[in-house]
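Everything on this sheet refers to the single structure shown next.
Per chain, numbering begins at 1; letters A, B, ... match sequence-line order.
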Number of protein chains: 2
Amino acid sequence: MEKYRNFGLKLTPQRLAILQYLDGNKAHPSAEEIYRAVSRRFPTISVATVYNTLMTLKERGLIKELTMDPTKMRFDPNPFPHHHLICMDCRRIVDVQGRFRIQLPETEQEGFEIFGNHIEFYGRCSKCKNKKH
Amino acid sequence: MEKYRNFGLKLTPQRLAILQYLDGNKAHPSAEEIYRAVSRRFPTISVATVYNTLMTLKERGLIKELTMDPTKMRFDPNPFPHHHLICMDCRRIVDVQGRFRIQLPETEQEGFEIFGNHIEFYGRCSKCKNKKH
DNA sequence: CTGGCTGCAAATCTTTTGCATCCTG
DNA sequence: CAGGATGCAAAAGATTTGCAGCCAG
């Protein structure tokens, strides 16, 4: 694919498949989901390759690793700063586009040099709201 | 200990040791650190008991599980809403006391019912700032 | 007394590693 | 053609589970 040419990484078919699966994916998939999806097209791909690729993409800032799911690695193909809505029932994660300029008072910074922030909004998604009695 | 009486859970010596270790602990320890610490006093305690107890405490809302460290379960003995400073170098986590009233526009809520939020401030702590050349 | 807890060991699950081989740039 | 990427299988960690016995309420 054209757009991946200038990423400065070797474009193997496996990587291309991973990149295409991630491109525009709003589901914040886990490593295992990515592996499963790409396996359909490349039955011989190994988990190691998936993890390797994801780590490489992360290092180059092309994707972000999410941490709100303690049970597995999840990835966000959107590398631009944004925030997340998290459903406490089904663990669905949805992007929040707004920007929030949160200024932490000097006295609260504890000597940290702050580069950015990430807000997790916790709640219940529409599906789960209706599901529960 | 007096203060743990009315938690509504069986107060075994093992649990008491875990509770005392957590009480006022600002280090956001991992399950494994808690296990190591309590093992000093109870050499026969099992990891299973530590995990069981932590899960029980979490279910009752007495502690919170933190997710920003993908490699292990970490816990916060402070059950009240607050936020965190995270050192990107050494992974140290420090509490932030301020309250932030972040209003997410209706159009951005995606049908979610929002209960709360948690802000992660990313940066570098004073120690790591000086360490790095 | 009795149901919830504990300790132990084995099982599970996710992620990482070592290494020989392959193939992109 | 060289160095990075791949596949495989085994290893490493963290957490969970099953179960028999124990003990706090």
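- Distance OH (A:Tyr35) to C1' (D:dG7): 10 Å, rounded to an integer number of Å.
- Along DNA chain C, the nucleotide closest to B:Thr53 and the one closest to B:Lys10 are compared, and the more 5′ of them pairs with B:Lys10.
- For the pair A:Glu113 and B:Lys129, the salt-bridge criterion is not met [side-chain N within less than 4.0 Å of a carboxylate O].
- Backbone-only contact: B:Lys72 has heavy atoms under 4.0 Å from sugar-phosphate atoms and none from a base.
- The distance between atom CE of B:Met73 and atom C1' of D:dA14, rounded to the nearest whole Å, is 9 Å.
- Relative to the side chain of B:Ala48, the nucleotides C:dC5, D:dG7, C:dG7 differ in distance, and C:dG7 lies closest.
- Side-chain proximity of B:Tyr51 to the nucleotides D:dT15, D:dT6, C:dT16 is greatest for D:dT15.
- A:Glu32 comes within contact range of no nucleotide atom at all, as no heavy-atom separation falls under 4.0 Å.
- Residue B:Thr49 places its side chain closer to C:dG7 than to any other of D:dG7, C:dG7, C:dT24.
- Between B:His84 and B:His28, the ring planes are perpendicular. Angles over 60° get that label, and only those under 30° would be called parallel.
- The distance from atom CZ of A:Arg36 to atom P of C:dT14 is 10 Å, rounded to the nearest whole Å.
- The nearest whole Å value for the distance from the CD atom in B:Gln14 to the P atom in C:dG4 is 18 Å.
- Taking 4.5 Å as the limit, every side-chain heavy atom of B:Thr53 sits out of range of all side-chain heavy atoms of B:Gln14.
- The distance from atom CG of A:Leu16 to atom C1' of C:dG25 is 15 Å, rounded to the nearest whole Å.
- Using a 4.0 Å heavy-atom criterion, one finds that B:Ser30 contacts no nucleic acid atom at all.
- Comparing B:Thr12 and B:Thr71, the nucleotide of DNA chain D nearest to each residue sits closer to the 5' end for B:Thr71.
- Rounded to whole Å, atom P of C:dT15 lies 11 Å from atom NZ of A:Lys58.
- Looking at B:Met68 and A:Glu120, their side chains never come closer than 4.5 Å, going by heavy atoms from C-beta outward.
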